Amino acid sequence: MTEPSGSRNPAADPAARGRTTIADAVVVKIAGMAAREVDGVHALGGGLARTVGAVRDRVPGGRASITRGVKVEVGERQSAVDLELVVEYGVPIADVAGSVRENVVEAVERMTGLEVVEVNIAVDDVHLPEDDDEEAPEGRVR
């Protein structure tokens, strides 16, 4: 039996041949970058991870970790994202969380084709303006 000329055989479609897998690390990086793009997000990560990361960032040649504060579960067609945020003082936390969710879902789904089933956000801290002064290491000589 011949197929009608208007329909396509899915097996003949080159895009349907083979499998594409996306590593968890890929989704972690995409989600981390998307979360950091939102106004009001000071940093990702909480508690000990941020403290250790801050020390590592100050080491010559060190750089901020994009993956700090981001955990994901990736399946064949879906993903779930957990984020730990530090927000700027004075911003509406619910609004920041909503914007982070939207940005993460849009970025992950657009770049990977995976459906994001949930983005869980834990706000672990609020960054105060005077915290910038405390973070600067003081030397004995000025």
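Since the structure is predicted, the reported quantities are computational estimates derived from the model, not experimental observations.
- Closest approach of Val91 and Glu88 over heavy atoms only: CG2-O, 3.1 Å.
- Taken together through direct or relayed side-chain contacts under 4.5 Å among Ile, Leu, Val, Met, Phe, Trp and Tyr, Val100 and Ile93 form part of one hydrophobic cluster.
- Side chain of Arg36 to main chain of Ala31: no donor-acceptor pair is present (N/O by atom type, distance under 3.5 Å, no hydrogens or angles).
- The side-chain heavy atoms of Ile121 and Arg101, taken from C-beta on, include a pair separated by under 4.5 Å.
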Starting from the C-alpha separation in whole Å, work towards a yes-or-no answer on side-chain contact (heavy atoms from CB on, under 4.5 Å) for Val27 and Leu114. CA-CA 9 Å; Val27 178; Leu114 296 168; 4.0 Å; yes
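- For the atom pair Asp124 CG and Leu83 CG, the distance stands at 10.5 Å (nearest 0.5 Å).
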Could you check Val108 against Val104 for side-chain contact (heavy atoms from CB on, under 4.5 Å), going step by step and ending with a plain yes or no? CA-CA 6 Å; Val108 171; Val104 168; 4.2 Å; yes
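- Formation of a donor-acceptor pair under 3.5 Å by the Arg68 side chain with backbone atoms of Gly45 is not found in this model.
- Heavy atoms of other residues, nucleotides or ligands lying less than 6.0 angstrom from CZ of Arg110 number more than 12.
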Go through Thr112 and Ser79 one step at a time and tell me if the side-chain contact (heavy atoms from CB on, under 4.5 Å) criterion holds. CA-CA 10 Å; Thr112 67; Ser79 64; 5.8 Å; no
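- Taking a 6.0 Å sphere around CD of Glu73, one finds it holds 12 or fewer heavy atoms contributed by other residues, nucleotides or ligands.
- Summarising the geometry of Leu44 relative to Ala35, their closest heavy-atom pair is CD2-CB, 4.0 Å, with the distance given to 0.1 Å.
- Side-chain contact between Val105 and Val119: present, with at least one pair of heavy atoms (C-beta onward) separated by less than 4.5 Å.
- Atoms CD and CD, from Gln78 and Glu115 in turn, are 4.5 Å apart once rounded to the nearest 0.5 Å.
- Rounded to the nearest 0.5 Å, atoms CD (Glu84) and NZ (Lys71) are 6.0 Å apart.
- Considering all non-hydrogen atoms of both residues, Glu118 and Asn120 come closest at OE2-ND2, 3.2 Å.
- The line from CG of Leu85 to CG of Asp125 is 11.0 Å long, rounded to the nearest 0.5 Å.
- The shortest non-hydrogen separation linking Val74 to Val72 is CG2-CG2, 3.9 Å.
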Would you check, one step at a time, whether the test side-chain contact (heavy atoms from CB on, under 4.5 Å) holds for Val86 with Val126? CA-CA 5 Å; Val86 177; Val126 174; over 6 Å; no
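- Atom CD1 of Ile30 is separated from atom CG of Asn103 by 12.0 Å, given to the nearest 0.5 angstrom.
- Here the side chains of Val87 and His127 are not in contact, with every heavy-atom distance at 4.5 Å or above.
- In this structure, Val38 is a member of the same hydrophobic cluster as Tyr89, with clusters built from ILVMFWY side-chain heavy atoms closer than 4.5 Å.
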